[in-house]
Amino acid sequence: MKGLLTLCLGWLALAVASRSPRQQRAVELALEDFHSRSQVRWVYKEQAVEEVTEEDHPAGYFVRLRLSLSQTQCPNQPGRRQDCAIKPKGRKQSCLVCVKFNFSSPAQVLDKRVHCRPEQSKAGKDVELKVEAACREMQEAGKEPNFVGHYLPGQLAFSKGLPP
Ligand SMILES: *[C@@H]1O[C@H](CO)[C@@H](O)[C@H](O)[C@H]1NC(C)=O
């Protein structure tokens with residue numbers, strides 16, 4: 001039993017260690033956001049992080065991921081989020097998370113979307129699609145060159161084609 005626990009803790013440490021600091025920060029921000037909602041009556045614990053996308057652009061560092069949460073036995077009250085045992089047959093939530101950090105001062109969050117819905121139901125899927133679209137916009141915004149003096153190929157061709 002003790003060996004199994006050590007093994008589990010080992011896996012947990014490995015999972016957390018293989019995560020970039022910004023991925024980890026995105027997970028923390030999502031947990032804070034989720035628990036700050038008044039309709040969330042129980043503390044939930046992170047179960048898995050999947051579908052991770054990370055991109056860095058001069059306009060910001062973008063992280064997108066899916067976070068699975070499991071219900072614990074602790075009521076959702078400030079200061080009661082430690083040492084909470086997972087509730088057997090408790091509820092599960094699936095959260096779509098995307099965060100954009102300032103590239104030059106990464107502690108600063110420029111934009112953030114967190115949307116959680118019950119894992120085994122269709123409820124909230126329509127909202128999730130909208131959040132997905134907002135995440136894509138957030139991701140694309142960082143890719144546009146935003147420095148002055150950038151020449152678009154089309155503009156150059158056009159000015160060349162002008163009569164002298
Ligand atoms: C990002 O951080 C830099 C350095 O602290 C700051 O000058 C800049 O205004 C920030 N960018 C945004 C979009 O807030």
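Note that ligands are numbered from 1 as they come in the structure, with each ligand's atoms numbered from 1 the same way. As a basis for the values below, the full set of heavy atoms in this structure was taken, side chains included, without hydrogen atoms, waters or symmetry mates.
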Starting from Leu31, can I reach Leu29 by hopping between I/L/V/M/F/W/Y residues whose side chains sit under 4.5 Å apart?
yes
Side-chain donor-acceptor pair present, Lys92, Ser70, cut-off under 3.5 Å:
yes
Checking side-chain polar atoms at under 3.5 Å, does Ser20 have a donor or acceptor matched by the opposite partner on Glu54?
yes
Run the salt-bridge test on Glu132 and Lys125 with the 4.0 Å N-O cut-off and return the result as yes or no.
no
Atom-level proximity to ligand 1, residues with heavy atom under 4.0 Å
Asn102, Ser104, Ser105, Gln108, Leu110
Mind checking whether Ile86 and Gln47 have side chains closer than 4.5 Å, heavy atoms only?
yes
Please collect all disulfide (SG to SG under 2.5 Å) contacts where either partner lies in residues 20-50, sequence neighbours excluded, each pair once.
none
